[in-house]
Protein chains: 4
Amino acid sequence: MSFSVAVAGASGYAGGELLRLLAGHPEFEVRTVTANNNAGQPLLAVHPHLRSYAGMVLSPTTTEALDGHDIVFLALPHGKSGAITETLDENTLVVDCGADHRLTDEADWAKFYGGEFYGAWPYGLPELLIGDHRQQRSNLPGVKRIAVPGCNVTAISLALAPGLRAGVIQPVDLVAVLAVGPSGAGKSLRTNLLASEVLGSASAYGIAGAHRHNPEIVQNLSLSAGARVSVSFTPVLIPSARGILATSTARLAAGISAHDVRSAWVNAYADEPFVHVLPEGQLPSLSDVLGANTALIGVAVDEAADRVVTVTAIDNLVKGTAGAAIQSANIALGLPETLGLPIDGVAP
Amino acid sequence: MSFSVAVAGASGYAGGELLRLLAGHPEFEVRTVTANNNAGQPLLAVHPHLRSYAGMVLSPTTTEALDGHDIVFLALPHGKSGAITETLDENTLVVDCGADHRLTDEADWAKFYGGEFYGAWPYGLPELLIGDHRQQRSNLPGVKRIAVPGCNVTAISLALAPGLRAGVIQPVDLVAVLAVGPSGAGKSLRTNLLASEVLGSASAYGIAGAHRHNPEIVQNLSLSAGARVSVSFTPVLIPSARGILATSTARLAAGISAHDVRSAWVNAYADEPFVHVLPEGQLPSLSDVLGANTALIGVAVDEAADRVVTVTAIDNLVKGTAGAAIQSANIALGLPETLGLPIDGVAP
Amino acid sequence: MSFSVAVAGASGYAGGELLRLLAGHPEFEVRTVTANNNAGQPLLAVHPHLRSYAGMVLSPTTTEALDGHDIVFLALPHGKSGAITETLDENTLVVDCGADHRLTDEADWAKFYGGEFYGAWPYGLPELLIGDHRQQRSNLPGVKRIAVPGCNVTAISLALAPGLRAGVIQPVDLVAVLAVGPSGAGKSLRTNLLASEVLGSASAYGIAGAHRHNPEIVQNLSLSAGARVSVSFTPVLIPSARGILATSTARLAAGISAHDVRSAWVNAYADEPFVHVLPEGQLPSLSDVLGANTALIGVAVDEAADRVVTVTAIDNLVKGTAGAAIQSANIALGLPETLGLPIDGVAP
Amino acid sequence: MSFSVAVAGASGYAGGELLRLLAGHPEFEVRTVTANNNAGQPLLAVHPHLRSYAGMVLSPTTTEALDGHDIVFLALPHGKSGAITETLDENTLVVDCGADHRLTDEADWAKFYGGEFYGAWPYGLPELLIGDHRQQRSNLPGVKRIAVPGCNVTAISLALAPGLRAGVIQPVDLVAVLAVGPSGAGKSLRTNLLASEVLGSASAYGIAGAHRHNPEIVQNLSLSAGARVSVSFTPVLIPSARGILATSTARLAAGISAHDVRSAWVNAYADEPFVHVLPEGQLPSLSDVLGANTALIGVAVDEAADRVVTVTAIDNLVKGTAGAAIQSANIALGLPETLGLPIDGVAP
């Protein structure tokens with residue numbers, strides 16, 4: 001009863017990580033890998049680390065290549081998923097790691113991405129709190145289309161949703177500063193992504209609302225809060241190849257104790273296999289989750305500043321992209337949610 | 001007319017950086033270097049990068065060794081500067097890179113450091129705004145005792161003081177998250193400072209008010225604001241040996257435009273040789289200031305979040321410690337403020 | 001028919017990596033983890049990345065704790081494995097990741113390690129060529145004691161053995177220079193292993209025959225060559241947490257063509273699941289094998305210098321330690337050799 | 001009596017480093033900076049770390065822009081220096097940081113670079129031993145054209161020349177493996193230079209005689225040896241932005257003692273201001289020389305392997321390029337050789 005799988009955009013970092021994880025999934029069988037410029041090349045020429053795919057060759061990303069699989073994972077550049085999905089069978093499970101079907105508001109799409117808007121799909125962040133005792137997970141069983149969240153979005157949403165849902169933090173003056181690795185920007189040949197520029201350095205980009213992940217963060221957290229939130233989000237590029245360490249802070253709501261705060265977070269994720277709130281006084285390191293579909297969250301209250309401070313670690317390519325895609329596909333297909341997904345990080 | 005100099009605690013990172021800079025200072029002549037455990041060793045055995053000190057040997061850190069110099073730079077562990085300074089001539093210029101004389105409030109000292117309190121000295125952050133048209137600079141000429149600020153404190157204070165002084169940001173809900181290199185923690189042999197732990201990772205520490213730099217940040221910014229401020233401060237350790245990239249954000253004050261914001265920052269530092277506000281749309285990288293006594297600040301307004309976002313880069317060992325010490329000594333002695341201090345970073 | 005497992009020395013990097021891999025092994029079940037200083041602590045307090053071991057607590061490393069398991073993996077400091085093994089049942093499979101039972105010559109042990117010599121065990125480098133059509137693999141089925149090779153040793157031995165065995169390179173003037181990550185040195189609190197010292201730097205150590213891995217390299221390659229070899233070995237510490245990239249070179253034997261050279265390497269590893277010779281013109285990157293039990297080898301002939309140059313990538317903690325331990329245990333127990341071992345690297 | 005200076009190719013890493021050093025040179029005054037694609041931009045837009053050049057704008061690289069200066073430093077792509085130099089006044093001192101005038105043998109040029117050959121210029125490696133009591137330094141006073149060596153070439157040449165000149169090592173089977181930072185490859189937008197690829201990794205390239213620096217290494221060392229040498233040279237890209245740590249080894253000559261070896265190296269550089277042989281048992285770290293025009297060399301004899309092992313640290317952009325250019329210009333112009341050149345590294 002295994003499922004046949006195609007991965008489109010397999011030559012990028014997200015595509016490569018999908019393949020690394022899929023190789024360990026007992027019910028998914030990768031039959032087709034596609035690329036654009038790299039079509040015709042052996043997969044090993046592009047991803048020499050994926051030895052288990054020896055012999056597999058990249059096809060061009062076309063309907064013909066993708067058609068006829070039970071599942072198609074799309075790891076294409078933003079704006080490229082909508083059109084090709086329209087050509088695929090509606091019973092094929094399509095999981096889009098790009099931004100094309102994340103935003104519910106067409107105006108947000110037009111402002112931050114542009115081009116034709118294909119509409120939002122069920123959202124692949126199962127743990128996101130979206131109402132009393134409800135999570136995004138409940139929207140996924142049986143669906144045939146899934147939009148995988150942006151990696152920064154996942155980190156901030158998981159970090160702040162529990163407090164917003166429980167009303168222990170205020171929905172305004174949310175501030176998130178993320179240390180992020182360059183793999184989040186893909187293989188783009190840009191000067192600021194050169195090793196010489198990143199090593200020994202750190203730099204912020206897309207600040208003050210300019211980053212494309214902004215509307216998606218607001219969208220998620222407003223769902224959790226049940227009211228429109230405002231967030232200041234700053235990504236800081238650091239010299240670690242992958243991973244996100246998100247410091248997300250919020251004003252304490254009136255009359256809320258440190259115990260209330262801790263309860264909100266602990267209760268939100270008590271039964272989650274992939275999202276863990278650390279014991280009091282502990283904070284996660286990015287390397288704790290490298291290669292794993294795990295999110296670790298530390299929570300503390302700064303009494304003097306009257307704010308809650310959370311620190312969240314995820315692997316941008318796993319829980320932030322490829323792992324979330326597979327986790328959501330598992331749910332959609334009625335498989336055990338954790339199937340094929342690593343939970344231990346590769347550290348040190 | 002050159003000045004004789006002793007550096008106490010010369011075997012640490014701050015001490016080493018003092019020596020590197022002092023070697024290029026035309027009026028300061030290092031005659032004595034002292035250490036504790038490393039006393040008796042050639043300086044080159046401890047700092048093989050300081051070739052210009054070939055032949056110099058570390059003395060024990062005693063009154064005898066330090067006495068009789070025009071200037072004594074102290075780069076001792078926190079709590080060690082007070083007692084030894086009492087044994088030095090009151091006409092010797094003593095510049096303390098430790099925390100012992102930074103805090104004005106004895107209760108803060110007791111809470112965050114402990115041990116005997118020796119009182120605050122004139123504060124070595126010349127550019128800090130402390131009143132209308134007044135800066136800390138005005139307190140330094142002729143003094144014989146100077147307390148050098150903490151490195152994180154310098155980054156946040158320079159970043160937010162202009163907005164607080166001008167009243168364009170609010171004094172509460174200030175949030176600062178700093179990407180910091182491990183050299184800020186000195187040569188301490190701690191597991192979390194091992195290369196295996198830091199490489200490929202990132203981790204927060206001393207969050208939610210627990211970091212020793214907290215009271216000093218509040219002290220500075222309250223001076224600038226003319227009112228007690230509240231700040232949430234989170235340092236994040238990243239795999240760059242030195243440097244700080246501080247993202248410091250604040251609520252916009254009512255009725256303030258983006259133009260007002262930019263003016264506040266540009267005016268504050270228009271004449272500064274070491275602190276520069278970047279043109280609109282530009283942000284600093286940490287490597288831009290490595291090895292230099294320079295602070296670079298980018299400023300932007302996030303209209304949607306109603307907050308001002310600043311990004312500030314300094315070298316923790318230079319503008320954050322050794323460079324600030326020398327700059328302040330220059331002022332105290334009536335020398336040109338910029339004497340002997342590099343302004344170009346070592347990049348890439 | 002699963003096997004019960006104890007891991008001694010579980011709090012170090014090698015111990016942690018054993019646990020990470022064992023969690024994915026379908027026939028091995030970790031029942032006991034032991035430590036020295038960290039005994040009594042939850043495993044997650046020491047290895048927060050090993051979420052699948054939530055609830056497990058470190059016992060002291062004693063005979064009582066280790067007794068009664070089918071397999072005991074020892075990841076103890078050098079010199080600590082011999083005595084405790086003598087107290088364990090002779091039918092327990094003991095796999096030693098330390099150096100205690102690698103060297104066959106007591107004089108080498110005395111010179112490079114010292115202390116009591118407990119003698120050599122069957123050697124856990126299955127792919128090592130030790131005679132015509134013979135490999136170390138043939139010595140492992142059914143054994144109850146296995147010595148896992150040193151990580152640098154594995155890289156150099158796999159790299160040069162094919163040429164020595166085939167007689168296409170000369171057994172003298174072998175030169176190997178290895179770029180190695182600090183995790184190979186364990187969690188030792190030494191100044192030169194601090195992140196501040198390693199970041200942005202590189203340094204050689206244990207050169208000119210002083211490194212403890214020297215006699216083991218000579219031992220292996222002499223077996224492969226069928227004659228005493230001489231090797232110059234230099235490890236260079238680089239700022240990547242784990243992994244080894246070994247450049248191993250040798251004089252071309254008289255009358256040997258580039259085709260002969262390639263054939264020697266290709267034939268040696270044609271059927272190996274974990275050791276791969278890359279196509280002509282390709283060279284491995286360290287990140288290709290991170291987290292995997294894979295060794296990748298590139299081979300080229302420098303006609304002008306009359307030397308063969310090989311470049312080999314392994315993960316020091318996997319193929320260099322924990323993976324080799326499990327692979328060898330699989331063979332000893334008659335299980336499929338590849339069981340539970342990842343072959344795809346975690347890249348980028 | 002200060003000299004007017006133009007820097008061509010100022011927007012690259014070598015050009016930027018020339019400017020950083022020139023800013024501190026008391027006799028050189030930079031009047032013109034030129035670039036190709038970046039012409040018209042403020043220098044600060046390209047090199048935000050060079051604050052001392054605020055206000056300077058990049059001109060196009062033309063004869064008109066470069067003409068009329070006392071000194072022209074060329075930091076152009078290989079193959080671009082020859083033609084433009086022919087248009088410059090013959091009394092202008094032209095210092096070429098590119099490869100165009102390094103090789104004496106036109107066949108080497110044709111094989112490794114190609115395009116028109118403009119012939120060799122006096123060679124800017126003053127410390128290179130080229131005969132009894134002779135160094136390249138003696139060829140530089142008064143010249144008007146200087147070719148600056150390749151960075152890898154400088155490291156290997158300084159490392160092995162003393163032993164070859166003294167006859168204590170053999171001229172064949174020389175082996176050099178260099179850990180090198182990505183800045184040596186310039187700002188080229190190539191996938192293998194992306195931070196995601198370099199971080200946490202290491203990789204060799206241009207091995208087995210394929211690297212362009214090969215003929216230049218042979219050229220230098222043959223001069224030192226007084227006979228044709230053969231060298232195996234392998235550069236290994238590591239995740240440190242700048243610097244080279246070269247492990248260069250050689251067969252011991254017959255009947256030579258460890259004392260003879262040490263004497264050869266110590267005597268060769270006893271009077272050098274920038275090249276230092278470390279005391280017995282000490283080895284350099286790359287960070288010891290960052291930002292400095294210093295080369296540090298450790299030497300040891302491996303008795304068992306019958307080889308000499310040297311470890312050499314230089315900053316590829318300083319002693320390997322820009323510093324060597326200025327040092328050689330100082331000599332050519334009759335200025336003190338060390339003028340304006342830092343000797344202390346920026347560490348940690």
Side-chain angles (χ1 to χ4, degrees), chain C residues 172-181 192 194-205 207-210 214 218 230-234 236-245 247 249 251 283-288 290 298 300-309 311 313 346-348, chain D residues 172-181 192 194-205 207-210 214 218 230-234 236-245 247 249 251 283-288 290 298 300-309 311 313 346-348:
Chain C
V172 293
D173 278 314
L174 302 169
V175 176
V177 180
L178 280 66
V180 303
N192 69 319
L194 286 176
S196 296
E197 303 286 323
V198 173
L199 285 160
S201 194
S203 57
Y205 62 97
I207 72 163
N214 253 71
V218 171
S230 76
V231 190
S232 162
F233 156 52
T234 305
V236 174
L237 188 65
I238 64 163
S240 295
R242 56 160 83 189
I244 293 175
L245 192 88
T247 302
T249 78
R251 278 197 237 165
L283 297 172
S285 290
L286 199 154
S287 59
D288 292 341
L290 289 186
V301 175
D302 185 334
E303 306 279 3
D306 213 26
R307 292 184 72 92
V308 172
V309 182
V311 178
V346 181
Chain D
V172 292
D173 279 314
L174 303 169
V175 177
V177 179
L178 280 65
V180 303
N192 68 320
L194 287 176
S196 295
E197 304 286 323
V198 173
L199 285 160
S201 195
S203 57
Y205 62 97
I207 72 163
N214 253 71
V218 171
S230 77
V231 190
S232 162
F233 155 52
T234 305
V236 174
L237 188 66
I238 65 162
S240 295
R242 55 161 84 190
I244 292 175
L245 192 88
T247 302
T249 78
R251 279 197 235 164
L283 296 172
S285 289
L286 197 154
S287 58
D288 292 341
L290 289 186
V301 175
D302 185 334
E303 306 279 3
D306 211 27
R307 292 184 70 93
V308 172
V309 181
V311 179
V346 180

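The structure displayed is predicted, hence computed values, not measured ones. In what follows, chains carry the letters A, B, and so on, assigned in the order in which the sequence lines appear, proteins first and then strands, with residues in each chain numbered from 1.
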Is the closest side-chain heavy-atom distance between C:Ser232 and D:Val309 below 4.5 Å? yes

Determine the option with the most heavy-atom pairs under 4.5 angstrom with chain D, choosing from [options].
{"options": "C:Pro284, C:Ser230, C:Ser287", "answer": "C:Ser287"}
{"options": "C:Ala202, C:Gly200, C:Pro348, C:Gly298", "answer": "C:Ala202"}
{"options": "C:Val218, C:Asp288, C:Asp302", "answer": "C:Asp302"}

Which distance, rounded to the nearest 0.5 Å, do you find between the [atom1] of [X] and the [atom2] of [Y]?
{"X": "C:Ile207", "Y": "D:Arg307", "atom1": "CD1", "atom2": "CZ", "value": "12.5 Å"}
{"X": "C:Ser201", "Y": "D:Leu290", "atom1": "OG", "atom2": "CG", "value": "6.5 Å"}
{"X": "D:Asp173", "Y": "C:Asp173", "atom1": "CG", "atom2": "CG", "value": "4.5 Å"}
{"X": "C:Ile238", "Y": "D:Ser240", "atom1": "CD1", "atom2": "OG", "value": "8.0 Å"}

Most contacts with chain C, counted as non-hydrogen pairs under 4.5 angstrom, among D:Ser285, D:Ser196, D:Ala241: D:Ser285

Among D:Pro239, D:Gly243, D:Ala304, who wins on heavy-atom pairs under 4.5 Å with chain C? D:Pro239

Checking C:Thr234, C:Val175, C:Thr247 against D:Thr247 for side-chain contact (heavy atoms from CB on, under 4.5 Å), the one that qualifies is C:Thr234

Criterion side-chain contact (heavy atoms from CB on, under 4.5 Å) against D:Val236, the qualifying member of C:Val177, C:Leu245, C:Val311, C:Val236: C:Leu245

At a 4.5 Å cut-off on heavy atoms, which part of C:Ala204 comes close to chain D: side chain, backbone, both, or neither? both

